[in-house]
Amino acid sequence: MREDLRIIADLVAPGARVLDLGCGHGELLAHLQRHKDVVGYGLDNGAEEISACIRAGVNVLEQDLDEGLTRFPDASFDTVVMANTLQAVHAPEHLLDEMLRVGRECIVTFPNFGHWTCRLQLATRGRMPVAKHLPYTWYATPNIHLCTFADFETLCRDRGLTITERFVCDRAYRHGRLINRFPNLFGTTAFYRLRRGNG
Amino acid sequence: MTLPPDSVGIVTPQTLSFGALDLQCGVRLPAFDLVYETYGELNADRSNAVLVCHALSGSHHAAGYHAETDRRPGWWDVCIGPGKPIDTNRFFVVSLNNLGGCHGSTGPRSDDPATGEPYGPNFPNVTVKDWVRSQAMLADALGIDAFAAVIGGSLGGMQAMQWAIDLPDRIRHALLIACAPKLSAQNIAFNEIARQAILTDPAYRDGEYVKAGTNPDRGLMLARMLGHVTYLSDHSMGDRFGRELRSGDIASGHDVEFQVESYLHYQGRSFSKSFDANTYLLMTRALDYFDPAHEYGDDLVAALEVSRCAYLVVSFSTDWRFSPERSEEIVDALVAARRDVVSVSIEASQGHDSFLLPVPRYLTVLSEYLDRVARECGQ
């Protein structure tokens, strides 16, 4: 399993009801079903991804995330996961609100646009960054709402979402002193656990 | 003619007779026959049986040919056969004509043992629940404790849903295709217009047309024409017929017949020759009355919580008779009931009829899902 999904899996409580937004090939849900007795559902809108989920034997609903989560009642899930997808949706701020309406807790990961390699490319060459953790050219990227860790944390504060845990790491999912000291400069990926209100 | 290699080939319908069945309407049917076909082999532990349920005008003849001279195979030959989504190399497929039908199972054209005459309009109302009970009796007779999957489109999907709720121990997967948890008012309205076309045909003779030696051809034809329009999409009719003329000349206004008119006339006429009017009334009423949530306090979630099987729910983008939103109602209730579900919406231009057609992604999804079902039963 992808290392980032393994990290997320460790954050999910056994027996939880899980909604996985942008579930891709269903790796996370398959793992959670097998090892944590989780009742999980994935949302995705790619035909290939849906097929992979069927083969993996996981629950998947074909749906575009930009349609929102209105189909789900309040507090119908324990944990809502969105791995590496926040930056690709049309209204990330609304979706975050929705995630914490339908779930008691959410886990969000995304790539850091504030990483030093991005800053350097923009500052020295005046060009849109293309980095190992953000490998797309500006005209052919699914990412339409890139942000830095600092931006995301500001948004959470503004919308009354509490960050209960944060884990920042590099592309190999390691974290050392440099990342701990300057996460927004040296981290490529962050894992956030969020709850509503000032918990 | 040589039969295609991915056909189940020549098939022969079989008939089984059963004892009494107490119907939901309170009437006891003293005895009944069911005509059915099977494709593939039942495995040693009897775990690979699949039940295919037909829709409004279907029959037991779902796949293959009855004779080499048949022009067309069974109604779901696209999906059933060796190497096809419902793979007869792996599954033992059972397909029957429902109780009340007109293709060999006991129905309005059968003799009522009490009078020695055809039931005609006096054949009791049957419901989807009754069908499920009669299908379970057929399963018993065939030695099938539980179906690996019950599969159906439209009214067939409703039977699969009722199976899941009524006999949770006897079904492992329910495949609900172009289905709805109950009909909308608009849907019932269409059915009522179709029924009125039949009931008001002078040849209907209060349903005693067999005795009178007549047949409400006009009524059946109109009912079928109306139904057909609702099964297609505006787009698919436009694509297929446009405003092409079959005959005549619009400029002179003489004997104008559009292609779409000719098509509907043909469909309606052939239907009126092959389908029984009382069966049509009975089947549309079964559709209208279907509402599995009703006995659970009108709570679909509570109804589905009783079920234990996993579900595949498939809808088609241009289906306006059983729209994708109706499938979503089922899916949302399944999620709330914590059931296993895969939900797929297929882009297809052919409306409700899509479920009978070789839409590539639809067949792929069915194959992938049923591959998982087959693996679970060791096939």
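Quick note on labels: first sequence line is chain A, next is B, and so on, each numbered from 1.
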*Heavy-atom contact with chain B under 4.5 Å, split by part of S51(A)*: both
_Atom group of I54(A) that falls short of 4.5 Å from chain B, counting heavy atoms_ = both
For [X], is it the side chain, the backbone, both, or neither that has a heavy atom closer than 4.5 Å to a heavy atom of chain A?
{"X": "D371(B)", "value": "neither"}
{"X": "R339(B)", "value": "backbone"}
{"X": "R372(B)", "value": "side chain"}
{"X": "E376(B)", "value": "neither"}
{"X": "L334(B)", "value": "backbone"}

*N48(B) side-chain N/O to N43(B) backbone N/O, donor-acceptor pair under 3.5 Å*: yes
*Most chain B-contacting option - heavy-atom pairs closer than 4.5 Å, from P73(A), A47(A), G42(A)*: A47(A)
*What do you reckon, is CZ of R101(A) surrounded by more than 12 foreign heavy atoms closer than 6.0 Å?*
yes
_Are there over 12 heavy-atom neighbours, none belonging to D234(B), within less than 6.0 Å of that residue's CG?_
no
*asked:* I'd like to know whether the aromatic ring centres of Y39(B) and F91(B) sit less than 6.0 Å apart in this structure.
replied: no
*Taking the inter-plane angle between the rings of F110(A) and Y192(A) on a 0 to 90° scale, is it parallel (under 30°), tilted (30 to 60°) or perpendicular (over 60°)?*
parallel
_S154(B) and its side-chain hydrogen bond (donor to acceptor under 3.5 Å, both in side chains) partner, picked from H352(B), R321(B), H54(B)_ = H352(B)
